[in-house]
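This report refers to the structure that appears directly beneath it.
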Number of protein chains: 2
Amino acid sequence: MSTVTSPSKSAQTRTRILDAAASLFRQVGYGAASLRDIAQKADMQAGSLYYHFDSKDELAEAVMLAGVEGSDAAVRGAVAALSPDASVLDRLEAAFEAHLTFLLSRSDYAVAMLRMLHQTPNSIQQRTLERQRDFGRFFGELFEMAKKEGVIKPALDLSALRMLIFGAMNWAPEWYSDSGLTPSDLAAQLRLLIES
Amino acid sequence: MSTVTSPSKSAQTRTRILDAAASLFRQVGYGAASLRDIAQKADMQAGSLYYHFDSKDELAEAVMLAGVEGSDAAVRGAVAALSPDASVLDRLEAAFEAHLTFLLSRSDYAVAMLRMLHQTPNSIQQRTLERQRDFGRFFGELFEMAKKEGVIKPALDLSALRMLIFGAMNWAPEWYSDSGLTPSDLAAQLRLLIES
DNA sequence: GTCTATAGGTTGATAGAC
DNA sequence: GTCTATCAACCTATAGAC
């Protein structure tokens, strides 16, 4: 009856495991997070994890994919929610704020993904990077429009700019605690940086 | 005789171990890098490491400290080498370039430090962070001078700015390969971002 | 200074009871 | 679906020969 409207029991358990894994992967990295610790955090025994996931690698990939897709959905959603005649800079600022909010307060998944990426087996890494490039392209198009419209400094190189701004955002979880600055403050500062 | 002019044999071995450890810590993180693998990369057996370091933690701390101090020395050196009447923006750009060059081409140590920091035991983490804050203060003072002289946008918040720019630089090892962009190009772009 | 050997504990994964 | 029990491989660290 409720197969569509509410998550099945199995799906709920799966989520509990993923939450626990994301939290531990974020804290200690891929290699040092043990399945026993993850299971304990999800209130089960290590062996039981294998009913839901075939291997540690598969679990890691699921966490990382959820991280990228969560950021992507948050950012695209925030931009789509703006009035259709919003300026490019307004859209960029909304995208900055959504990504920062997701990284800084909503989810262990995205931060776990960023920290794990270079520690996971190559095939997983490649698939995750491909998904991430798609996310990056969304920002890339916004930057391109901004340049064409002349609202950012003309001397800025688009590919450098995109990666530098991504860095500024992705690094935030490393230092942000409660500095008094909100994701919205930081997004405004980033806008200020690129504006001509 | 040569106790001062050339490194002792023991110091050379120590460096070989540190190089191997920095490379592996950078690649797979603190928890997943085994002493066996580190020893193999340094052409020795795992047990022999203990003649030079008391524990894996001590080895990790030595790598991280070398990472921070290497960045610090590179940046302060580059700024000190400028003509005494160089502008604040010139000094900032030189600092950017030195830090980026160190991160992107000179050393596994700094990148290993950045990636390991949150995976190491708390006491090590605290000591490393303290040393890192000292490094950060150097940049902070340059930003402060720039603001006082009015050469950066007045609406920029100094503490946000410092962390965002650090993020843009510290994230670079995650994406930089041979994009055609040099550390010098990136430093120029960063200068462009903050200039009023 | 570096080796071999090994202690004692943890790891990812599997098998089978319930 | 979850448990317990277990395997083989691996880990950090130590001891003692050379």
Side-chain angles (χ1 to χ4, degrees), chain A residues 2-3 6-64 112 116 119-125, chain B residues 2-3 6-64 112 116 119-125:
Chain A
S2 60
T3 49
S6 80
S8 69
K9 184 81 190 299
S10 164
Q12 276 182 279
T13 307
R14 200 185 140 93
T15 299
R16 223 175 60 236
I17 296 169
L18 285 169
D19 284 349
S23 164
L24 270 169
F25 284 143
R26 169 184 181 150
Q27 270 182 60
V28 302
Y30 171 73
S34 78
L35 292 179
R36 276 173 177 79
D37 289 348
I38 292 171
Q40 192 189 30
K41 196 155 200 157
D43 288 313
M44 11 177 19
Q45 298 302 310
S48 312
L49 293 175
Y50 285 84
Y51 178 82
H52 301 273
F53 297 92
D54 284 345
S55 68
K56 185 182 180 180
D57 285 0
E58 201 190 285
L59 178 54
E61 185 166 1
V63 167
M64 294 204 291
M116 272 202 290
Q119 305 176 2
T120 47
N122 228 285
S123 60
I124 296 181
Q125 204 175 120
Chain B
S2 62
T3 49
S6 79
S8 68
K9 184 82 189 300
S10 164
Q12 276 182 279
T13 307
R14 200 185 141 94
T15 299
R16 224 175 59 236
I17 295 170
L18 285 169
D19 284 348
S23 164
L24 270 169
F25 283 143
R26 169 183 181 151
Q27 270 182 60
V28 301
Y30 171 74
S34 79
L35 293 178
R36 273 178 177 77
D37 290 347
I38 293 171
Q40 192 189 29
K41 196 156 200 154
D43 289 313
M44 15 177 15
Q45 298 302 309
S48 311
L49 294 175
Y50 286 84
Y51 177 81
H52 301 274
F53 297 93
D54 284 345
S55 68
K56 184 181 180 181
D57 285 0
E58 200 190 284
L59 178 53
E61 184 165 0
V63 167
M64 294 204 291
M116 273 201 292
Q119 304 174 4
T120 47
N122 228 286
S123 62
I124 296 182
Q125 205 174 121

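The basis for the numbers below is simple: all heavy atoms, side chains too, and nothing from hydrogens, waters or symmetry mates. Every chain is numbered from 1 and lettered A, B, ... according to where its sequence line falls, protein lines coming before strand lines.
At least one side-chain heavy atom of B:Phe25 sits under 4.5 Å from a side-chain heavy atom of B:Ile38. Side-chain contact between A:Leu59 and A:Leu35: present, with at least one pair of heavy atoms (C-beta onward) separated by less than 4.5 Å.
Among D:dT2, C:dT2, C:dT6, the nucleotide with an atom closest to any side-chain atom of B:Tyr51 is C:dT2. Of the candidate nucleotides D:dT12, C:dA13, D:dG1, C:dA13 has the atom nearest to the side chain of A:Leu35. When distances run from any side-chain atom of B:Lys56 to the nucleotides D:dG1, D:dA13, C:dA13, the shortest one goes to D:dA13.
In this structure, B:Phe53 places its CZ atom 15 Å from P of D:dT14, rounding to the nearest Å. Atom-to-atom, CD of B:Glu58 to P of D:dA13 comes out at 10 Å; the value is rounded to the nearest Å. Put simply, CD1 on A:Ile17 is 7 Å from P on D:dT2, counting in whole angstrom units. The distance from atom CZ of B:Arg36 to atom C1' of D:dT14 is 13 Å, rounded to the nearest whole Å. For the pair B:Tyr30 OH and D:dT12 P, the computed distance is 9 Å after rounding to whole Å. Residue A:Asp54 contributes atom CG, which lies 13 Å from atom C1' of C:dG12 at whole-angstrom precision. Taking atom CG of B:Asp43 as the reference point, atom P of C:dG1 lies 17 Å away to the nearest angstrom. One interatomic measurement links the two molecules: CG of B:Leu49 to C1' of D:dC11, which rounds to 13 Å at whole-angstrom precision.
An OP1 or OP2 oxygen of D:dC10 is reached within less than 4.0 angstrom by no side-chain nitrogen or oxygen of B:Ser34. Taking side-chain N and O atoms only, A:Ser48 has no distance below 4.0 Å to OP1 or OP2 of D:dG1. Taking side-chain N and O atoms only, A:Gln45 has a distance below 4.0 Å to OP1 or OP2 of D:dT4. Between A:Ser10 and D:dG1 there is a side-chain polar atom (N or O) within less than 4.0 angstrom of OP1 or OP2.
Map B:Met44 and A:Tyr50 each onto its nearest nucleotide of DNA chain C; the residue landing nearer the 5' end is B:Met44. Projected onto DNA chain C by closest heavy-atom contact, B:Ala46 and B:Ala11 fall at different nucleotides, the more 5' of which corresponds to B:Ala11.
When all heavy atoms are compared, the tightest approach of B:Val63 to B:Leu18 is CG2-CD2, 3.9 Å. Between B:Ser23 and B:Lys41, the shortest heavy-atom distance links the atoms OG-NZ, 3.2 Å. In terms of heavy-atom proximity, B:His52 sits nearest to B:Glu58 at O-OE2, 4.4 Å.
A:Ala33 comes within 4.0 angstrom of sugar-phosphate atoms only, judged by non-hydrogen atoms across all strands, and of no base.
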